[in-house]
Amino acid sequence: MAEQLDPGEIFDRAVAEGERRLDQSALELVSTSFIAGFTVLFGIVALGIVEGLVEPVVGHAAKVAGALAFAPGLVFLVAGRTELFNENFSDPAAAAVERGVSALPSLLRLWALTFVFNLLGGGLLALVFAVEGAIPSAGAEALRRFAEETAGRTPRAWFTRGIAGGALVSLLSFLVVSVRSDGSRLWLAYAVGFMLALGPFDHVVVSVLHVVLGQLLGASVGWGRLAALTGVVTAGNVAGGLGLVTVTHVTQAMGADTAGE
C-alpha cells in the first residue's frame, strides 16, 4: 500500500494544482467553466428522471436513487479537470498564499469567470431540456417539485445549507490532491456528488441550475426569488469553502512545517 502524504506534501500538491488553475488563459478558463456548467446539468437531469421514475415504487427512497444518478456528474468534472465554482477555492488559494498579494487579481478572475460560465453553460443546456417531451413527465414533475421546495426555504436555511455545501465541495478539492491514484480521486468525487444531492447541502451552481430547469419546466418560482437564492447561497459557499475548509487546511500545512523545523 502506498504511503499516505503528510500535510506539507498535500499542501505542495495543492499549490502546484492551484498554479495551473491560476495561470490558465482566459479562453481555457471560459471553456472549462462552460463545460463544467453543462456537465452539472447532465447530473441534474439524470437525478430528476431517476427520482421521478422510481418514486411510485419506492416512495421517499427515490431521493437516494436520484442522488446515485447525479453523482457521476461530479466524477466527470474531476476526470475532465474542469472548473466548478467553489470546488476551485482550495488549490488556487494555496497557490495565492505562496505568491502573495500579487496573486489576488488572478484569483478573483478565476472565481468570477468560473461562476459566470458555469451558470451560462448549464443554463443554455437547460433550454434544450426544457423543450416539451425532452424529459419524461415524471422526471419533469420531480424537477419542478425540487425547484419549488428549494425556492420556498428561508434565507437562513439557504445560507446554512450553503455553508455546508461550500465546505463539502471545497473538501473534494483538498481530498483529490491528498490521494495518489486516479481511481481513488474518482471514487471520492462520486461520494461527494452523492452526498451533495442527498444531504442538506446547497451549492450555488447546482442549486441555481436545478431551480432554473424547474422554472423552465413550469415551476412557480419568480426570478426575484432566484436572484435572492443565488446571492445567499453564494455567500454561504464562500463562508464554508474558504472560511471552514481552505483556511483550515492552509493553517494545518503551516503548523506541520513549523513542527518539522
Side-chain angles (χ1 to χ4, degrees), residues 18 21-22 29-30 32-41 43-44 70 73-74 77 82-94 96 104-126 146-174 192-193 195-197 199-216 219 221-249:
R21 292 184 170 197
L22 289 176
L29 178 55
V30 165
T32 57
S33 301
F34 189 88
I35 292 168
F38 68 68
T39 301
V40 166
L41 198 85
I44 291 169
F70 171 83
L74 268 289
L77 291 175
T82 56
E83 293 290 347
L84 179 67
F85 182 76
N86 183 185
E87 185 273 333
N88 62 5
F89 281 3
S90 182
D91 298 339
L104 186 59
S106 295
L107 196 62
L108 294 178
R109 181 195 75 142
L110 172 68
W111 291 342
L113 289 179
T114 301
F115 181 84
V116 170
F117 283 93
N118 281 171
L119 294 177
L120 183 59
L124 288 176
L125 189 61
F146 176 89
E148 291 172 356
E149 289 175 355
T150 300
R153 296 190 183 108
T154 65
R156 179 180 295 182
W158 289 339
F159 185 66
T160 55
R161 290 169 65 97
I163 292 173
L168 178 65
V169 174
S170 285
L171 182 62
L172 171 62
S173 181
F174 174 78
V192 169
M195 293 175 65
L196 185 63
F201 307 103
D202 275 344
H203 179 271
V204 62
V205 173
V206 176
S207 296
V208 167
L209 290 178
H210 213 147
V211 172
V212 167
L213 182 56
Q215 282 180 304
L216 293 172
V221 178
W223 291 104
R225 191 69 177 171
L226 177 64
L229 166 70
T230 303
V232 173
V233 174
T234 300
N237 286 172
V238 171
L242 286 179
L244 287 180
V245 175
T246 301
V247 170
T248 304
H249 286 138

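Hydrogens, waters and symmetry mates are skipped; everything else that's a heavy atom, side chains included, is used.
Among residues two or more places apart in sequence or in another chain, the side chain to side chain contact (heavy atoms under 4.5 Å, CB included) test is passed with Leu124 by Phe34, Leu120, Leu127. For Phe146, the ring pair (Phe, Tyr, Trp, His ring centres under 6.0 Å) test picks out His210, with sequence neighbours left out. Residues meeting the ring pair (Phe, Tyr, Trp, His ring centres under 6.0 Å) test with Phe115, sequence neighbours left out: Phe85. Listed by chain and residue number, Arg21 satisfy the side-chain hydrogen bond (donor to acceptor under 3.5 Å, both in side chains) test with Glu87 (two or more places apart in sequence, or in another chain). With sequence neighbours excluded, the residues satisfying side chain to side chain contact (heavy atoms under 4.5 Å, CB included) with Leu125 are Phe38, Leu41, Phe42, Val128, Phe129. Scanning for side-chain hydrogen bond (donor to acceptor under 3.5 Å, both in side chains) contacts around Thr82 gives an empty result, with sequence neighbours left out. Partners of Phe70 by ring pair (Phe, Tyr, Trp, His ring centres under 6.0 Å), not counting sequence neighbours: none found. Shown here are the side-chain hydrogen bond (donor to acceptor under 3.5 Å, both in side chains) partners of Asp91, two or more places apart in sequence or in another chain: Ser173. When the side chain to side chain contact (heavy atoms under 4.5 Å, CB included) test is applied to Ala94, the partners found at least two apart in sequence or on another chain are Phe11, Ala14, Val15. By the side chain to side chain contact (heavy atoms under 4.5 Å, CB included) test, Leu171 is found to be paired with Phe174, Leu175, His249, residues two or more places apart in sequence or in another chain being considered.
Within the structure, the side-chain hydrogen bond (donor to acceptor under 3.5 Å, both in side chains) test picks out the following pairs touching residues 152-167 (sequence neighbours left out): Arg161-Asp202. Here side-chain hydrogen bond (donor to acceptor under 3.5 Å, both in side chains) pairs that include residues 229-242, with residues two or more places apart or in two chains, number zero.
Of all non-hydrogen atoms in Ala167 and Leu244, the two that sit nearest each other are CB-CD1, 4.3 Å. Closest approach of Asn118 to Leu209, counting heavy atoms only: O-CD1, 4.1 Å. Closest approach of Ile163 and Ala239 over heavy atoms only: CG1-CB, 4.2 Å. The two residues Thr32 and Leu29 have their closest heavy-atom pair at OG1-O, 3.2 Å. Residues Ser90 and Thr246 approach most closely at CA-OG1, 3.6 Å, considering heavy atoms. Of all the heavy atoms in Gly214 and Ala147, the pair that sits closest is CA-CB, 3.8 Å.
Side-chain contact between Trp111 and Leu242 is present, with heavy atoms from C-beta onward closer than 4.5 Å. Inter-residue side-chain proximity for Phe117 and Glu83 is flagged as unmet; no heavy-atom pair is nearer than 4.5 Å. Under the 4.5 Å side-chain criterion, counting only non-hydrogen atoms from C-beta, Val205 is in contact with Leu84. Contact annotation: the side chain of Val204 never approaches that of Asn86 to less than 4.5 Å [non-hydrogen atoms, C-beta and beyond]. Proximity of Arg225 to Val211: side-chain heavy atoms (C-beta onward) are nowhere separated by under 4.5 Å.
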Would Leu226 and Val212 count as a side chain to side chain contact (heavy atoms under 4.5 Å, CB included) here? Give the steps.
CA-CA 8 Å; Leu226 177 64; Val212 167; 3.6 Å; yes
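In this structure, CG on Asn88 lies 4.5 Å from OG1 on Thr114, to the nearest 0.5 angstrom.
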